[in-house]
4 protein chains.
Amino acid sequence: MSDDEKLVGEFPFLPKQERAQVKRNALIESGYALFQAKGYEQTTAKDIAAHAGVATGTFYRYFSDKRQLLMSLLEDKIETFLPPEISWISNDPVSSLATSLENHYNRIHEFGLRHVLPELLSKDSELANVLEKARKRIHERIQSSLKQAREKGLVWSDLDLDTVSWAIMIIVENGLDKINKTENKCAYQDIAKLICRMVFPPTVLNQLRGSDVEAFE
Amino acid sequence: MSDDEKLVGEFPFLPKQERAQVKRNALIESGYALFQAKGYEQTTAKDIAAHAGVATGTFYRYFSDKRQLLMSLLEDKIETFLPPEISWISNDPVSSLATSLENHYNRIHEFGLRHVLPELLSKDSELANVLEKARKRIHERIQSSLKQAREKGLVWSDLDLDTVSWAIMIIVENGLDKINKTENKCAYQDIAKLICRMVFPPTVLNQLRGSDVEAFE
Amino acid sequence: MSDDEKLVGEFPFLPKQERAQVKRNALIESGYALFQAKGYEQTTAKDIAAHAGVATGTFYRYFSDKRQLLMSLLEDKIETFLPPEISWISNDPVSSLATSLENHYNRIHEFGLRHVLPELLSKDSELANVLEKARKRIHERIQSSLKQAREKGLVWSDLDLDTVSWAIMIIVENGLDKINKTENKCAYQDIAKLICRMVFPPTVLNQLRGSDVEAFE
Amino acid sequence: MSDDEKLVGEFPFLPKQERAQVKRNALIESGYALFQAKGYEQTTAKDIAAHAGVATGTFYRYFSDKRQLLMSLLEDKIETFLPPEISWISNDPVSSLATSLENHYNRIHEFGLRHVLPELLSKDSELANVLEKARKRIHERIQSSLKQAREKGLVWSDLDLDTVSWAIMIIVENGLDKINKTENKCAYQDIAKLICRMVFPPTVLNQLRGSDVEAFE
DNA sequence: CATGAATGAGCCTTCATTCAT
DNA sequence: GATGAATGAAGGCTCATTCAT
């Protein structure tokens, strides 16, 4: 049923709260767009308000200042922006990692704020902290998934889990730039392959391919 | 009359040009120190001049503006700051890479400006360009060194050189943070091992270890 | 249908005008409280509305602006706040003046706006004018009462009525601060005595004390 | 000798420090003029700078803010602005007090800031404190001079020194307004007479007039 | 009539850059 | 060349007042 078919129950305008929410969102959108386009410092509250089509003062009704808007933008997004859960145990770890990467990058493709973060970290230690903690969580998550794989004897026997986890995180974090700059259609696959080679001995990879993975789970 | 002919009286005074050079250097040093300590935006031209012991106006005699001073600081240092030449062919690629990394990180350890770059890239596309080009050069350098190794049949046969080069660059670029956060003494070795596993099949690594490397060069 | 005829249902609602009056009063009360507590400039229209439990916009339905509310507060109060009518002819002018002062100060004790006036006079010449006129009225009132006393030969023969009236006004106006800072219980009496000495020769005072005042009236 | 006659020793421009002082003074003058004309709140730093013929930023080179400029204006002037030392013992206390008043008022005639003080006291408790302390000093000064007179048996025997001192202070403080509003040439004399009547019994005044005051000193 | 979101002028302050000395 | 005072544009933010709902 399309909107046109609605016969009753139409509010001629949005309820108050909702309208405020709309405006708040417009500001957030504008902040997002401008931060991304011009950088955080280069964007003023006035700019954001103008871009959202509201007066300067309105900005301050919804946000105590520029930084708070940014925080709203970041809230709950940082984790998304960071690397995803990775499952190592599969028939074809390379492909499944590649798929995982592709999904991740598709998800964060639009998260342009990524480019603003570095600018901010140097002057906003609170934000730096938040990000640092999130990365630590990600790091631990990756590491623990690797630990499981190790317990099953799948990874290089002399692997330093801390270091690989870190390397994986770094690679995934920076991968989008690489993907975007490459027309190479196998990019995901190539990256996944690299990572798998850091983790698994070639024998294991072969072995997994022919096996019934269920046995490991 | 050349400097050589001066017999007396010249002691307290440096030749004009030299004095200028001294001032210029003082400004560069101060800029470096303050940018590093407080960030680029947070450092004012006045600050820098004061720190260098000259008047505000003097700053502008030597640099057209704050940005130019920064550029002077960066010029010739960007390359240093980025990953070094890597030689893949050795008896023990892991150890030699580890040593290379250690040297590199020791060299750039003090390059505190590293933390200022992100702040700048968003607002200075020229700088971003410069950095981008430098990275491209590094990338090509790594890639070409890998190509040589491939021609000798040392690397994984299905290796995508572009992607590995990129991954190596990313890892090396970010490695210092990792090293600093780890008390692990083998950090360099661990990172080197990872990288080598992305590049060389295990058989090759073993083979190299026992061989007379000269044969490959 | 008059109010009298309503039998039921009217309970929760005040007649419209009355409700408006209630709101207006609430605003006045709130304005009074906040001006007194925080000063005129420091109090915003929003503050006042919030304190009165109405919306910001409502404030402007009842008052054209903040200033007008203040004027409403002051209207009819200025005169109260200024010195009272004084009757000079009595058996004991000192005591009767003291009593008069005490009454006056008790009456204006709560007139906290007193402290707000100075802040306003510098920027509101109209208000300054209003106050000036009120003071002139007071001055004349005092002066004419003194004139009566003079006609009866009670005051110093060389008294400049204009000047004494002024001095009395000044003293009474400022007296409350004095009273409040003193624990002295005779404060009213002491002030009254001073004033009487400016007005009456000692002989007259003595004479009055023993006389039948009616004779002078 | 006029400026024209100076032949040598002319500085083509004032020494640096002096010029800065000149500018600082210009700002102080402008602050004074504008505070007086428009009130403190109504005057902005920009106004003051413009009036002084300098840029906004220049204001902030010399003063941290408006308040500091005001403080500079007030410093050392508050005491002047308050009532002067009074000597009670003289052949003709009325006249000598009148003279003293005249001198005082001539001195502070230009101290227009007087009208700004009230505005400030309500929002600047530090300033209020400073003024309060100054008034306390004045009050004590007057009281102690009265005490001397009392010890010589010159004043009303039942005089409450605290109250009279206060009344005198109030009258003197407010007297200038009175004087300015009056074309009466005897204004000083009239005020002085009032005050003397609060202090001295008429017999003492007569007695002093005919006496050799030295005897009391 | 009431509401409270929206407006935007205007204040305070900083700092990159210029320029008279 | 050197100096540092002067400049003034620009940013952050507030608040009296208006106006759509």
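Quick note on labels: first sequence line is chain A, next is B, and so on, each numbered from 1.
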**Student:** Just the rounded figure in Å: distance from C1' of dC1(E) to CZ of Arg24(C).
**Tutor:** 16 Å

**Student:** Whole-Å distance between dG10(E) C1' and Lys38(D) NZ?
**Tutor:**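 Taking atom C1' of dG10(E) as the reference, NZ of Lys38(D) is at 12 Å.
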
**Student:** Using atom types as modelled and distance alone, determine if a side-chain donor or acceptor of Asp47(B) lies under 3.5 Å from a backbone N or O of Thr44(B).
**Tutor:** yes

**Student:** Under the ring-ring contact (aromatic ring centres under 6.0 Å, His included) test, which residues partner Tyr62(B), sequence neighbours left out?
**Tutor:** none

**Student:** Quickly work out the Lys23(C) NZ to dG4(E) P distance and round it to whole Å.
**Tutor:**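 Between P of dG4(E) and NZ of Lys23(C): 10 Å.
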
**Student:** On DNA chain F, check which nucleotide each of Gly57(C) and Ser64(A) is closest to and give me the residue with the more 5' one.
**Tutor:**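 Result of the comparison: Ser64(A).
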
**Student:** Mind listing the closest non-hydrogen atom pair of Asp65(D) and Phe59(D) along with its distance?
**Tutor:** C-CE2, 3.8 Å

**Student:** What is the distance, to the nearest angstrom, from the CD atom on Gln42(D) to the P atom on dG10(E)?
**Tutor:**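 After rounding, the reported distance stands at 14 Å.
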
**Student:** Of the nucleotides dA2(F), dC13(F), dA2(E), which one has an atom closest to the side chain of Thr56(A)?
**Tutor:**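 Ranking dA2(F), dC13(F), dA2(E) by closest atom to the Thr56(A) side chain puts dC13(F) first.
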
**Student:** Hey, which sits more toward the 5' end of DNA chain F by its nearest nucleotide, Phe59(B) or Thr58(D)?
**Tutor:** Phe59(B)

**Student:** Rounding to an integer number of angstrom, what distance separates dT21(F) and dC1(E) when you compare their C1' atoms?
**Tutor:**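 It comes out at 13 Å once rounded to the nearest Å.
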
**Student:** Any sub-3.5 Å donor-acceptor pair from Thr58(A)'s side-chain atoms to Val54(A)'s backbone N or O?
**Tutor:** no

**Student:** Does Lys66(A) have a side-chain nitrogen or oxygen under 4.0 Å from the phosphate oxygens OP1 or OP2 of dG12(F)?
**Tutor:** yes

**Student:** If you compare every side-chain N and O of Tyr62(D) against the phosphate oxygens of dA5(F) (OP1, OP2), does one of them come in below 4.0 Å?
**Tutor:** no

**Student:** Rounded to the Å, how far apart are Leu34(C) CG and dA16(F) P?
**Tutor:**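 Distance, rounded to whole Å: 12 Å.
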
**Student:** Give the dot-bracket string for DNA chain F, reading 5' to 3', where a pair is Watson-Crick or G-U wobble with both distances under 3.5 Å, ( ) marks pairs inside the strand, [ ] marks pairs crossing earlier ones, | marks a partner on another strand, and . marks unpaired.
**Tutor:** .||||||||||||||||||||

**Student:** Looking at dA6(F), dT17(E), dA2(F), which one has an atom nearest to any side-chain atom of Tyr60(B)?
**Tutor:**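 Looking only at heavy atoms from C-beta outward on Tyr60(B), the closest nucleotide is dT17(E).
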
**Student:** Going by an N to O cut-off under 4.0 Å, is there a salt bridge joining Arg24(A) and Glu29(A)?
**Tutor:**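 Salt bridge flag = no for Glu29(A) with Arg24(A).
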
**Student:** By the 4.0 Å heavy-atom rule, please label Phe63(C) as base, sugar-phosphate, or nothing.
**Tutor:** nothing

**Student:** Write down the distance between CG (Asp65(C)) and P (dC15(F)), rounded to a whole number of angstrom.
**Tutor:**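 It is 17 Å, rounded to the nearest whole Å.
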
**Student:** What's the closest nucleotide to the side chain of Arg61(A) if the choices are dT17(F), dA6(E), dA16(E)?
**Tutor:**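 Minimum distance to the Arg61(A) side chain belongs to dA6(E).
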
**Student:** Show the nearest heavy-atom pair for residues Leu69(D) and Leu27(D), with the distance to one decimal.
**Tutor:**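 Of all heavy-atom pairs spanning Leu69(D) and Leu27(D), the closest is CD1-O, 3.7 Å.
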
**Student:** Calculate the interatomic distance between Gln68(D) atom CD and dC12(E) atom P; express it in whole Å.
**Tutor:**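 Rounded to whole Å, this separation is 15 Å.
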
**Student:** Measure CD/Glu41(D) against C1'/dA16(F) and give the value in whole Å, please.
**Tutor:** 15 Å

**Student:** Measure from NZ or CZ of Lys66(B) to the centre of the six-membered ring of Tyr40(B) and say whether it is under 6.0 Å with the direction within 45° of the ring axis.
**Tutor:** yes

**Student:** Which residues in residues 44-55 of chain B have at least one heavy atom lying under 4.0 Å from any atom of DNA chain F?
**Tutor:** Val54(B), Ala55(B)

**Student:** Distance check, rounded to the nearest 0.5 Å: Arg61(D) atom CZ versus Lys23(D) atom NZ?
**Tutor:** 10.5 Å

**Student:** Test your reading of the model: is there a side-chain donor-acceptor pair from Ser72(A) to the backbone of Gln68(A), 3.5 Å cut-off?
**Tutor:** yes

**Student:** When you measure from the side chain of Thr43(B) to the backbone N and O of Leu34(B), does any donor-acceptor pair fall under 3.5 Å?
**Tutor:**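 Answer holds: yes.
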
